[in-house]
Structure formats: structure tokens, C-alpha cells
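The structure appears right after this line, and notes come after that.
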2 protein chains.
Amino acid sequence: MTTVLIVDDQDLQRFGFRVLLESVPETEVVGEAAHGAEAVRKAAELRPDVVLMDIRMPGMDGIEATRRIVAAGGRSRVLVLTTFDLDEYAHAALRAGASGFLLKDARPEELLAGIRAVAAGDAVVAPALTRRLLDEYAHHLPGRPKDPAEDPRLTSLTNREREILVAIGKGWTNGEIAARLVLSESTVKTHVGRVLAKIGARDRIQAVILSYDLGLARPQAD
Amino acid sequence: MTTVLIVDDQDLQRFGFRVLLESVPETEVVGEAAHGAEAVRKAAELRPDVVLMDIRMPGMDGIEATRRIVAAGGRSRVLVLTTFDLDEYAHAALRAGASGFLLKDARPEELLAGIRAVAAGDAVVAPALTRRLLDEYAHHLPGRPKDPAEDPRLTSLTNREREILVAIGKGWTNGEIAARLVLSESTVKTHVGRVLAKIGARDRIQAVILSYDLGLARPQAD
DNA sequence: TCGGCCGTAGTACCGCGGTACCACCCCCAC
DNA sequence: GTGGGGGTGGTACCGCGGTACTACGGCCGA
């Protein structure tokens, strides 16, 4: 038996979900909430297996509520429902820790299958959204199309020059690079000049940008 | 009617899929392939709506075959099937442009629903894999835990200053910023100075780095 | 109405960054 | 050996970037 908490600011919508969920034996609606704050409170109190969460609500929205419920550490999993297809909030919801994302116009059996999957610890994303998710995934993720080391602009660099490029990427001045690599500033300048020429950057700023775009420089370094 | 090309190196496996797909009226198996190269050739020749692709195959594997079929630009969509749960190849397959990813032990109706969704231009990912996908998504993707706009260093910036910071993040010189925002270079300098002071950066390079670390600047810009 | 913030603009100054050119050493390949 | 690439170092020069300070118009809230 899967226990469910329904969160939606519209009475009618909640009623519809309740009727649907109570029409099958495997789910039980243990509570309802009309806004984010109430959802967080009831989730803590009722400890439902699944929280069916609407995103757009007055007051605390579904995103923030999701974040707090997930952060609370209980075993409740949040299944987010939205009316429209991938809006701004969808990404935020996923980052907030939602276990699923479905459209409100999903067919009843899809919704039930979603609840079942989420309760089992899996995750579900509406097909229409999955495509977008994959597109983004394919673009930004780890080990992007070309491995940093493979980029044609980097292959001509010598090892020392690569070190220099990394140092530039950290935002160090020529003086700092000289100090840390134990070199004279003149030498650093020579190297920097060659690096810029080879990678086709007009100044070290372009080099920094290239480092990040290629994944050579990693966030939170230094 | 959805036309399907079955790609798998095991005869028995292909046979199983064929029987399943031919048991319903909505799908038609128009061909089979036993390895990557044959899959690429037949996809080009038969132009199926959906290619059911096994990953592990001798010779050219499913990843490379997927990449080529997608790159060919036809309207065939690739639905990848794998025996195990998220292995190394799964990510590669998604990056290669697959429209879906299911486990071979999926129930028949799940597989058919997947084919239907993929044919319709949507994407599907097996629930068990979706969880992993979301976890990764939540971690490294756009706007990490802290939303860019939320960072204390950015909140004190005025709108204009934020624009300037974005421009700096693109690697533009003061002169370029002046030209693109239709300002005098003096004004730009004034803004840049204030931005650097507010975000605690000693020069524009640190500002660029901050932009990337905060996710304010996105790869491949400009 | 007045003060303050924002956006705009200017002048003046200094230093770092980038370029051009040259020089030396080491080591490896021819 | 002799050449050449990689690494190191120097000098000289110019321009952009950054700072300090000033100034003014517009708009809003006290």
C-alpha cells in the first residue's frame, strides 16, 4: 500500500486526484495540502510514501516545498506535476530533488504507474520532458563531445604550455604564475604569448573562457 | 503504423522482439541487423521510424551505430536497449543522440509504449535509469545548488551592473562592451570598477571565473 | 522638496599584459 | 657534429585595464 499526500491549491484538482487514487487498491490518500507551507508540515507529520506536488501555488511554491521535504530527510519522495510542458520551474524542481516530473494531463494509468515507480525508489519523467532533458544532458554533461585533451587547439601545446594555460585558467597574474612555477616573469610572458598564439586567443581572458568551455578549468578551483 | 529496425547480435533476441512487435497491429518490423555496420546501412536504406538498438555487439557497437544513424539526419530515432542497468555505455549512448534507453527485461507493454513514444518524437528512459540521470542532472547541471541569482556577491549588483558582468564573462573588452551596449568607454569603466568592487574581484579575469563558477556564463557563448 | 541611488560621462595616472626581438642552454635526432 | 625544438631569460615599447575623483540628469522615497 502506497500512502500519498496531495498538494495543489485548487480544490477541484485535489478532488480529482483523490478520486483517482482511491479507485485503486494500491494507493491511499493520507492527506491534502493547499500550499507549500502546509505541504511541508503535513509531509513531516504524515510521512507519506509519495507527495504529489503541484508547482504553481500561491505563497511557498512547489519548488521550495520540494526542497524542504527532500532536505528533511524523511523517506517521502516527491512527484511533481505541472500543467505546461517544460517551463522554467521544471529544472528547478529537479534540482530541488524531485523524484519525478509528470504533466497534469497524463493519462490516469500513467500517473498511477508514476506513483508506483517513485514509491519503489525509481524516478519518472514525462516522455515529452525526457526529450528536453536528454538534449541538455547530451550537451553539457561530463565528458562532452570532445575530450579536453583532444581539442585541436590544445594538441599543439607543449606540456609546459599546458601548465601555463591551466595557471591562466585559475586567474593567476603573470607574477603569480612565475612565483608558483618558480620562473622569471619574462619566461612566463614568453610562454603566455605562445599559448595565446597557439590557441587563437587574443588575450588571457579568452584563454580563461576557452579553459572553461573545454572543461580544462573546473569550477571552485584554487 | 510504426516501422522498426531490430539490431542485435543474438538471433534469439531478435526473434523475440520480432514476435512481440508483430503481435500488435501498430508496429511493423521492416528489417534486422546483427551488428553496427549493418544497422547503419539498413537504417539508411529502409528509413525505419524507430531503430531498436542493442549496445553490446561485436564489431561496431551500438553507440557508434547510433551516432552515425543520428548524424545521417534521417528521421529514424534510436531506442537503445541494454541488459544491465546503468553501465558506462548508457551515458555514451545518450550523448550519441539516442532517443531512449530501456532495459531488455522491460515488460512487453513498456517496450511497446517506449516505441510509441519515441516514434512520436518523445523520449523514454527506464525508471531505474531515470533516477541516476536525475541525480547527475541535479549535481552537475546548470545553476548548481545555489542559484546564480541567489549568490550573496550578486545580490548587491544593479541590473545594469549584472549586464556588465555578463558582458565581461563573454570576454569582451571595455571598448566592445561600450559598442554593444551603446555606452562610452568611460561609463563602461565606471561600471566595471563598481562590479569588481562589489563582487570582490581584483580584475576582470576573476570576474570571468566567478561568472563560470556561478553558472552565470554558459559554455559556447558569443 | 530634498537627499540618495542609478546611470551616464569625463580626466588623469599607473601598472600589468601582450608583442617583438634577441639570447642561451639542454637534449635528442639526424 | 649540427640542427632544431623546448624551456628559460632579458629589454623595450605600447595600449588596455583599473583606480581615483568629479560631475550631472533622472527618478523615487522620505
Side-chain angles (χ1 to χ4, degrees), chain A residues 148-149 151-214 216-217 221-222, chain B residues 148-149 151-214 216-217 221-222:
Chain A
D151 193 282
R153 284 168 291 189
L154 297 186
T155 51
S156 63
L157 295 180
T158 66
N159 291 332
R160 197 53 155 171
E161 285 163 358
R162 237 182 299 269
E163 276 185 78
I164 297 289
L165 179 54
V166 170
I168 292 174
K170 291 185 190 294
W172 297 348
T173 64
N174 288 337
E176 287 169 341
I177 297 175
R180 305 213 191 197
L181 298 190
V182 195
L183 291 174
S184 82
E185 197 167 336
S186 295
T187 304
V188 173
K189 280 189 169 190
T190 305
H191 284 313
V192 170
R194 275 200 281 262
V195 168
L196 297 184
K198 285 189 179 178
I199 67 177
R202 72 173 167 209
D203 53 35
R204 67 202 299 114
I205 296 171
Q206 305 278 354
V208 169
I209 293 175
L210 186 71
S211 293
Y212 274 84
D213 285 352
L214 261 42
L216 217 173
D222 195 15
Chain B
D151 192 282
R153 285 168 291 189
L154 297 185
T155 50
S156 62
L157 295 181
T158 66
N159 291 332
R160 197 52 157 170
E161 286 162 356
R162 237 180 299 268
E163 278 185 74
I164 297 289
L165 179 53
V166 171
I168 293 174
K170 289 184 191 297
W172 297 348
T173 64
N174 288 337
E176 286 169 342
I177 297 174
R180 304 214 192 198
L181 298 189
V182 195
L183 291 173
S184 82
E185 197 167 334
S186 295
T187 304
V188 174
K189 280 191 169 188
T190 305
H191 284 311
V192 170
R194 275 200 279 261
V195 168
L196 297 184
K198 285 188 180 179
I199 67 178
R202 72 172 164 208
D203 53 37
R204 68 202 297 113
I205 296 171
Q206 305 279 354
V208 170
I209 294 175
L210 186 70
S211 292
Y212 274 83
D213 285 351
L214 261 42
L216 216 174
D222 195 15

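Convention: sequence-line order gives letters A, B, ...; per-chain numbering from 1. Since the structure is predicted, the reported quantities are computational estimates derived from the model, not experimental observations.
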Quiz item: In whole angstroms, how far is the C1' atom of C/dG17 from the CD1 atom of A/Ile168?
Solution: 11 Å

Quiz item: With no hydrogens and no angle check, do the side chains of A/Thr187 and A/Thr190 hold a donor and an acceptor under 3.5 Å apart?
Solution: no

Practice problem: Mind calculating the distance between CG (A/Leu196) and P (C/dG17) to the nearest angstrom? | Solution: 12 Å

Quiz item: Just checking B/Thr173: base, sugar-phosphate only, or nothing, at a heavy-atom cut-off of under 4.0 Å?
Solution: sugar-phosphate

Quiz prompt | Atom pair distance, as rounded to whole Å: CD1 in B/Ile177 and C1' in D/dC16 | solution = 12 Å

Self-check item: Gap between atoms CD1 and C1', on A/Ile164 and C/dG17 respectively (whole Å)
Solution: 14 Å

Quiz item: Which whole-number value in Å describes the distance from B/Glu185 CD to C/dA9 P?
Solution: 12 Å

Quiz item: Contact class for A/Ser186 vs. all strands (heavy atom < 4.0 Å): base, sugar-phosphate, or nothing?
Solution: base

Self-check item: Position toward the 5' end of DNA chain C (nearest nucleotide), B/Arg160 or A/Gly175
Solution: B/Arg160

Quiz item: When we call it a touch if two heavy atoms are under 4.0 Å apart, what does A/Thr187 touch: a base, just sugar-phosphate, or nothing?
Solution: base

Quiz item: Between atom NZ in A/Lys189 and atom P in D/dG7, what is the gap in whole Å?
Solution: 20 Å

Practice problem: Round to the nearest Å and state the distance from A/His191 atom NE2 to C/dT19 atom C1'. | Solution: 16 Å

Quiz item: Can you check the B/Asn174 CG to D/dG18 C1' distance for me, whole Å?
Solution: 9 Å

